[in-house]
Amino acid sequence: MERRTFLKGIAASLLADGAFSKQIESRGKYKWVQVAESGPFPIRDSATTFKYSERVWLSNGYQVGGVNVRDLWVSGDGVHWTLVSDSTPYQPYSPICDFGDAIYAVDGSVWKSDAGKPFVRIPATNVPRWLPEAKMLEFNNKLHIIDLDRVHHYDVAKSDFTSTPLPWPAREFGAAVVFNSRIYVMSGCRRGVRVPPEAGLYQDRTSVRDVWSSGNPEDPNSWICHTEKAPWAGRFWPAAAVHAGYLYLVGGYDNISSSPEVSYNFDDTWRTVDGENWELVNVESSFTGRHAPNIFSKGGSLMLIAGNTNRGTSVQKDIWKLVPA
């Protein structure tokens, strides 16, 4: 995405949402460097990445024409990847997370992999319905799945789920991470038409720019709103990760400035230390604007892989690294 498109998205978002929270002054200069034009894994967006056994894992995702890929890859450095499985048993878009010495996936059933071995279905009670693209996080000795308007808590020792409501109307296509001993949830969209409607492909959705966090997600009253209108434009399918003491938010689909014929994606990089005050990172050169990529911290760098640019081949398999300029 060209820089003018990013600015257009910011302007459109401000017109739609009014005043926004504080943007702090940028510190230092950076650039996104493409370290691999074509990774060894197939093209994909909406994949899941997670850390386990000091390595990064990549699983499943969407390709093109309604085709999903079901596989599992592992990397020690974020650049070189090894195929672990070309036929994962859990559904596409399933939330996946590590816990202790195992990996768990939930798709209406619970799947477990011990030490990276093949996944097996295990007994569990009160398993929530399968929600494509839900986020699952390890926090306070449990796994937590962020649903549309509820959070499901998985007690691994008891293999049982409970759930509690979330303090916002149903949200999807957003980001969720553990940062500073809290679960943060931000961005995405709510179901329902904005007045006037957003111009992109999803005119029955309303982009949001709020940021919430909780230190005890099992208590519905523990959630606090850091800002209702962050300085970044509203977006679907951004990527979020924690790196070097910051919470980063990167890329995403611009449903406000897009149209059914032409889709725009962001190529911007934002970060915060508190969820309220956000810094637009001064990036001299960036990755190609995209939505539903994956970002993660590895080897002292923030890295980005795959995603959908809505340009040319659309769905990608490239690898990028954020470095000082």
Side-chain angles (χ1 to χ4, degrees), residues 1 6 30-37 39 41 43-52 54-62 73-81 93 95-98 133 135-138 146 173-180 183-188 211 230 232-233 235-254 265-273 275 278-283 285-309 315-324:
M1 183 193 68
F6 162 66
Y30 297 84
K31 59 182 177 181
W32 283 97
V33 176
Q34 189 180 66
V35 296
E37 184 177 357
F41 44 81
I43 60 171
R44 69 194 62 207
D45 68 34
S46 305
T48 299
T49 51
F50 57 94
K51 297 283 188 65
Y52 173 71
E54 299 183 357
R55 296 183 292 176
V56 182
W57 300 68
L58 171 71
S59 186
N60 290 9
Y62 174 79
W73 294 75
V74 65
S75 174
D77 60 7
V79 178
H80 303 91
W81 295 81
Y93 310 113
I96 312 169
C97 188
D98 67 300
E133 300 186 76
K135 304 294 189 294
M136 182 160 64
L137 307 166
E138 189 278 325
I146 307 299
F173 310 151
V177 296
V178 175
F179 177 60
N180 287 347
I183 288 181
Y184 278 76
V185 177
M186 70 212 82
S187 68
V211 180
W232 32 264
R235 61 196 62 202
F236 302 0
W237 300 296
V242 175
H243 173 67
Y246 289 94
L247 166 56
Y248 280 80
L249 186 75
V250 172
Y253 171 73
D254 182 358
N265 294 284
F266 293 103
D267 66 348
D268 51 347
T269 302
W270 295 83
R271 66 185 185 184
T272 182
V273 295
W278 289 82
E279 173 187 356
L280 176 60
V281 179
N282 187 351
V283 175
S285 59
S286 190
F287 55 87
T288 309
R290 65 191 64 195
H291 66 267
N294 296 93
I295 62 171
F296 51 87
S297 179
K298 189 62 181 172
S301 296
L302 185 67
M303 304 190 70
L304 177 147
I305 60 175
N308 193 327
T309 64
V315 184
Q316 306 296 312
K317 54 184 294 187
D318 49 357
I319 302 173
W320 298 74
K321 180 183 292 188
L322 184 67
V323 300

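Atom set for the values below is all heavy atoms of this structure, side chains included, hydrogens, waters and symmetry mates excluded.
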### Query
What do the steps show when you test Trp232 against Val211 for side chain to side chain contact (heavy atoms under 4.5 Å, CB included), and what is the final call?
CA-CA 11 Å; Trp232 32 264; Val211 180; 3.7 Å; yes

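Taking Tyr52 as the reference, Trp57 meet the ring-ring contact (aromatic ring centres under 6.0 Å, His included) condition, with sequence neighbours excluded. Checked against side chain to side chain contact (heavy atoms under 4.5 Å, CB included), Lys321 has the following partners two or more places apart in sequence or in another chain: Val35, Ser301, Met303, Val323. Residues forming a side chain to side chain donor-acceptor pair (under 3.5 Å) with Thr48 (at least two apart in sequence, or on another chain): none. Every residue meeting the salt bridge (Lys or Arg N to Asp or Glu O under 4.0 Å) condition with Asp318, not counting sequence neighbours, appears here in chain and number order: Arg290. With sequence neighbours left out, Trp73 forms a ring-ring contact (aromatic ring centres under 6.0 Å, His included) with no residue at all. With sequence neighbours left out, the ring-ring contact (aromatic ring centres under 6.0 Å, His included) criterion links Phe179 to Tyr184. Contacts of Ser46 classified as side chain to side chain contact (heavy atoms under 4.5 Å, CB included), with partners at least two apart in sequence or in another chain: Tyr93, Glu133, Ala292. The ring-ring contact (aromatic ring centres under 6.0 Å, His included) check on Trp237 picks up Phe173, Tyr202, His291, with sequence neighbours excluded. Taking Asp45 as the reference, Asn308 meet the side chain to side chain donor-acceptor pair (under 3.5 Å) condition, with sequence neighbours excluded. Residues satisfying the side chain to side chain donor-acceptor pair (under 3.5 Å) test with Thr269, not counting sequence neighbours, are Trp32. With sequence neighbours excluded, the residues forming a side chain to side chain donor-acceptor pair (under 3.5 Å) with Asp77 are Ser75, His80, listed by chain and number.
For the atom pair OG1 (Thr288) and CG (Leu304), the distance works out to 10.0 Å, reported to the nearest 0.5 Å. Considering CG of Leu322 and CD1 of Ile295, their distance stands at 9.5 Å, rounded to 0.5 Å. The line from OG of Ser285 to CD of Gln34 is 11.0 Å long, rounded to the nearest 0.5 Å. Atom-to-atom distance recorded for Trp270:CH2 and Met186:CE is 14.0 Å, nearest 0.5 angstrom.
Exactly one residue among Asp268, Asp254, Asn265 makes a side-chain contact (heavy atoms from CB on, under 4.5 Å) with Arg235. That residue is Asp268.
In this structure the side chain of Trp81 reaches within 4.5 angstrom of the side chain of Val56, judged on heavy atoms. Ile183 places none of its side-chain heavy atoms less than 4.5 Å from the side chain of Lys135.
Contact record, Asn294 with Ala47: ND2-O, 3.1 Å, taken as the closest heavy-atom pair. The nearest pair of heavy atoms linking Phe266 to Ala233 is CZ-CB, 3.6 Å. The two residues Ala176 and Leu137 make their nearest non-hydrogen contact at O-CD2, 3.8 Å. Scanning both residues, Phe50 and Asp98, for their nearest heavy atoms gives CD1-N, 4.4 Å. Considering all non-hydrogen atoms of both residues, Pro293 and Ala306 come closest at CB-O, 3.6 Å. Closest of all the heavy-atom pairs between Ser187 and Pro238 is OG-CG, 3.1 Å.
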Just list the side-chain donor-acceptor pairs under 3.5 Å for residues 239-253, sequence neighbours left out, or say none.
residue	atom	partner	partner atom	Å
His243	ND1	Ser297	OG	2.8
Tyr246	OH	Arg27	NH1	3.2
Tyr248	OH	Arg271	NH1	2.8
Tyr253	OH	Leu201	N	3.0

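Counting heavy atoms of neighbouring residues, nucleotides and ligands inside a 6.0 Å radius, atom NZ of Lys31 does not exceed 12 of them.
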